Colleague: 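Dropping the structure in here first, questions after.
The basis for the numbers below is simple: all heavy atoms, side chains too, and nothing from hydrogens, waters or symmetry mates. Being a predicted model, the structure only gives us computed values, none of them experimental. One-based numbering, in listed order, for ligands and for the atoms of each.
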Amino acid sequence: MPVITAPIRTARRVDRFTYAIRNIVAEARKVEQAGTRVRYLNIGDPNQFGFVTPPHLIEAVDKAMRDGHNGYTASAGILTAREAVAADFDRRGVPTSPDRVLITSGTSEGLELALTAIVDEGESVLVPSPTYPLYTAVLAKIGAEPQYYRTDPAQQWLPDLDDIRRQITPATRALVVIDPNNPTGAIYPDDVRRELIAIADQHGLVILADEVYGDLAYAGPVPPMASLDRDAPIISYSSLSKAYLAPGWRAGWMAVGRTPRLDGALGAIKKLADGRLCSPGPMQYAVTAALTGDRSHQRTFRSELERRATLTTTRLNAIEGLRCVQPRGAFYAMPQVALPPGKTDADYILALLRSTGILCVYGSGFGTRPEDGFFRVVFLAAPAELESIYDDIADFTREYLRA
Ligand SMILES: Cc1ncc(COP(=O)(O)O)c(C=O)c1O
């Protein structure tokens, strides 16, 4: 038999799949190979910038491993973790039963499970523009379409409710709400959140409430969206990644709203969860430790973040040709550069990288238009380091816009 030597073909769905936050690292490596130090402001990982996981979480995982909890768990997660999540939602004004909670490999897996369970090929999901790119990546994988709704920098990056209403079709199945928001740092007021719930109710949509930064609003934790209407069709998400400083553990959770409208979705999600066996077992023990133990690290973290957010907006707004809305939570800002005609956000960001070694991600990686000149800055670095980075961005931008 002759041996076939042609390369193995890959699936077409991969061509639709992009993840700019990590893809751009290939460009950064080239810059490093050419001898320039790269300052990575592309990934929102607090642990890479000196913020450390609270010790009682590490002890809980260590103890779980030593106590022999190294096997598979129930696919929805261990009961004690689900009880802790349900009790935490209760405390935040959302009565929740552990039966409607799943422990997942980060928020990411929970979102993928829900989208896969709810959205058929050819159907669509409303996602904010700009968005955290996981949503568009998962939709590409399952053959569904994103419908980008506008969020407006002139209105503190709040969602344009009319744009959402205008876009809904019979094929629209879900509405993604990221609040506090990555990449904009926006926090939505209750009247906006209530309108979003009303839209979902009127059109039979499920809201995927991405609340991974809920405890990282600088003014203090934001109540879950589901607390505004306990019978709304909302699936709430969070994880240990950001507010508990353990992103590599891949430990997250989802709570499916108590409305019977979501019973079918809950069943479908659990069915899919069976297929992947379970999320990492020992890390599930840290969920209980996190939600029932000391959270004082969050107060320090929030004030460190607020200081960096103010520094970021003050410095960036002082650069001619740049504008930046002040973030109110999380560790991202989404400035806009007034690009010369014909230039794209990626042109600017790649030129910045090659000239200064500073790696940000261009806005079109989050769904904004390339000519609009948005880009995302992760401002977790120490304030002195950020000062030096913004000095370099100022010098570079002056030259770039003059050319
Ligand atoms: C808005 C948003 N959702 C979800 C995630 C994924 O988080 P996790 O580590 O819990 O999967 C991130 C990570 O950056 C995020 O910014």
Side-chain angles (χ1 to χ4, degrees), residues 19-25 40-49 51 53 57 77 81 85 101-116 125-139 146 148 151 157 159 174-188 207-217 222 224-225 235-255 273 276 279-280 283-284 286-287 290-291 301 305 327-334 360-361 363 365-367 376-380:
Y19 206 83
I21 297 172
R22 285 185 183 260
N23 294 351
I24 198 170
V25 172
Y40 287 89
L41 304 186
N42 63 317
I43 289 198
D45 179 350
N47 297 60
Q48 286 182 19
F49 294 92
F51 295 99
T53 314
L57 272 63
V85 171
V101 172
L102 283 94
I103 309 297
T104 53
S105 295
T107 311
S108 306
E109 190 196 35
L111 288 161
E112 178 154 6
L113 285 171
L115 287 167
T116 311
V125 172
L126 285 154
V127 296
S129 168
T131 184
Y132 175 63
L134 169 72
Y135 295 97
T136 31
V138 172
L139 292 173
Y148 285 110
T151 63
W157 285 115
L175 168 61
V176 172
V177 178
I178 307 172
D179 178 16
N181 190 274
N182 172 12
T184 65
I187 293 177
Y188 302 165
I207 291 181
L208 303 181
D210 183 333
E211 295 170 344
V212 76
Y213 300 102
D215 285 344
L216 298 182
V222 176
M225 198 174 180
I235 306 181
S236 312
Y237 290 89
S238 194
S239 72
L240 296 185
S241 298
K242 313 291 179 173
Y244 297 91
L245 300 165
W249 286 3
R250 314 310 300 126
W253 54 88
M254 63 201 280
R276 71 30 157 156
S279 71
M283 280 65 182
Q284 297 185 29
V287 172
L291 297 181
F301 192 27
L305 293 178
R328 298 175 56 220
F331 31 76
Y332 312 96
M334 193 73 170
C360 297
V361 183
F366 304 88
R376 188 186 75 166
V377 176
V378 174
F379 54 74
L380 285 161

Colleague: Does any non-hydrogen side-chain atom of S105 lie less than 4.5 Å from one of M283?
Modeller: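 Side-chain contact under 4.5 Å: no.
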Colleague: Do T53 and N47 have side-chain N/O donor and acceptor atoms under 3.5 Å apart?
Modeller: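 On atom types as modelled, these side chains qualify, holding a pair under 3.5 Å.
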Colleague: Less than 3.5 Å apart, any donor N or O on the side chain of Y213 or Y332 sitting next to an acceptor on the other?
Modeller: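 Yes, because at least one side-chain N or O of Y213 sits under 3.5 Å from a partner of the opposite role on Y332.
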Colleague: Keeping D179 on the side-chain end and Y188 on the backbone end, is there a donor-acceptor pair under 3.5 Å?
Modeller: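 Side chain of D179 to backbone of Y188, a donor-acceptor pair under 3.5 Å: yes, one is there.
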Colleague: Could you check whether any side-chain N or O of R376 sits under 3.5 Å from a backbone N or O of N42, counting only pairs where one atom can act as donor and the other as acceptor?
Modeller: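 Looks like yes, one N/O pair under 3.5 Å.
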Colleague: For a distance cut-off of 3.5 Å, show me each N or O of ligand 1 paired with any protein N or O, plus the separation.
Modeller:
residue: ligand 1; atom: 3 (N); partner: D210; partner atom: OD1; Å: 3.3
residue: ligand 1; atom: 3 (N); partner: D210; partner atom: OD2; Å: 2.6
residue: ligand 1; atom: 9 (O); partner: S241; partner atom: OG; Å: 2.6
residue: ligand 1; atom: 9 (O); partner: R250; partner atom: NH1; Å: 2.8
residue: ligand 1; atom: 10 (O); partner: T107; partner atom: N; Å: 2.7
residue: ligand 1; atom: 10 (O); partner: T107; partner atom: OG1; Å: 2.7
residue: ligand 1; atom: 10 (O); partner: S239; partner atom: OG; Å: 2.8
residue: ligand 1; atom: 10 (O); partner: S241; partner atom: OG; Å: 3.3
residue: ligand 1; atom: 11 (O); partner: T107; partner atom: N; Å: 3.2
residue: ligand 1; atom: 11 (O); partner: S108; partner atom: N; Å: 2.9
residue: ligand 1; atom: 11 (O); partner: S108; partner atom: OG; Å: 2.5
residue: ligand 1; atom: 11 (O); partner: R250; partner atom: NH2; Å: 2.7
residue: ligand 1; atom: 14 (O); partner: Y213; partner atom: OH; Å: 3.3
residue: ligand 1; atom: 14 (O); partner: K242; partner atom: NZ; Å: 2.8
residue: ligand 1; atom: 16 (O); partner: N182; partner atom: ND2; Å: 2.7
residue: ligand 1; atom: 16 (O); partner: Y213; partner atom: OH; Å: 2.6

Colleague: With rounding to the nearest 0.5 angstrom, report the OH to CG distance, Y237 to L208.
Modeller: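 So the OH of Y237 and the CG of L208 are separated by 5.0 Å.
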